[in-house]
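Reviewing the structure listed below.
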Amino acid sequence: MKIKADESVCIGAGMCALTVPAVFDQSEEEGTVVLLQEAPPRDLEDAVRRAVTLCPSGAISVE
C-alpha cells in the first residue's frame with residue numbers, strides 16, 4: 001500500500017489524523033494533511049482505507 005496526500009486539495013477537516021494518527025498529521029500553519037508514513041505497515045491498512053473514505057475533500061488516496 002502506498003498513500004498519496006494532496007495538500008492543495010485538503011480542507012483541514014482532520015479526519016485522517018483522527019482516524020490514523022500514526023500515518024497522518026496536520027500542519028501547524030495551515031491545518032492541512034501531513035503524511036507521516038507513505039507506506040504504512042499492513043496492520044494499519046484497514047484504518048488507512050477508512051481515513052480515505054472519511055476525507056471530505058478527497059485529498060488522500062491509496063495505490
Side-chain angles (χ1 to χ4, degrees):
M1 167 182 277
K2 184 177 178 181
I3 304 168
K4 289 191 175 189
D6 187 343
E7 293 176 32
S8 68
V9 175
C10 180
I11 61 170
M15 294 308 297
C16 56
L18 290 170
T19 305
V20 198
V23 177
F24 303 102
D25 198 359
Q26 288 181 273
S27 74
E28 294 284 330
E29 299 81 35
E30 298 173 23
T32 54
V33 63
V34 174
L35 187 57
L36 302 175
Q37 295 187 55
E38 187 176 291
R42 291 195 125 179
D43 62 325
L44 294 178
E45 286 184 4
D46 287 342
V48 168
R49 290 185 197 286
R50 190 172 327 115
V52 169
T53 301
L54 292 173
C55 180
S57 66
I60 54 177
S61 60
V62 174
E63 290 184 351

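Keep in mind that this is a model prediction, so the values were computed, not measured.
For the side chain to side chain contact (heavy atoms under 4.5 Å, CB included) test with Met1, the passing option among Gln37, Glu63, Arg49 is Arg49; the others fail.
What you find for Pro56 and Ile11 is that their closest heavy atoms are CG-CD1, 3.8 Å. Contact between Thr19 and Ala47 at its shortest, heavy atoms only, is CG2-O, 3.7 Å. Closest of all the heavy-atom pairs between Cys16 and Ala51 is CA-CB, 4.0 Å. Between Pro40 and Val48, the closest heavy-atom pair is CG-CG2, 4.0 Å. Counting all heavy atoms, side chain and backbone alike, Val33 lies closest to Ala5 at CG1-CB, 3.8 Å. Nearest heavy atoms, Val34 versus Ser27: CG2-N, 3.4 Å.
When the side chains of ILVMFWY residues are joined at heavy-atom separations under 4.5 Å, either directly or via intervening members, Leu54 and Val52 end up in two distinct hydrophobic clusters.
Contact check for Phe24 versus Leu35: side-chain heavy atoms found under the 4.5 Å cut-off.
Side-chain atoms of Gln26 come within 3.5 Å of backbone N or O of Gly12 as a donor-acceptor pair.
Atom CZ of Arg50 sits about 10.5 Å away from atom CG of Leu44, to the nearest 0.5 Å.
Residue Asp46 places its CG atom among 12 or fewer non-hydrogen atoms of other residues, nucleotides or ligands, all under 6.0 Å distant.
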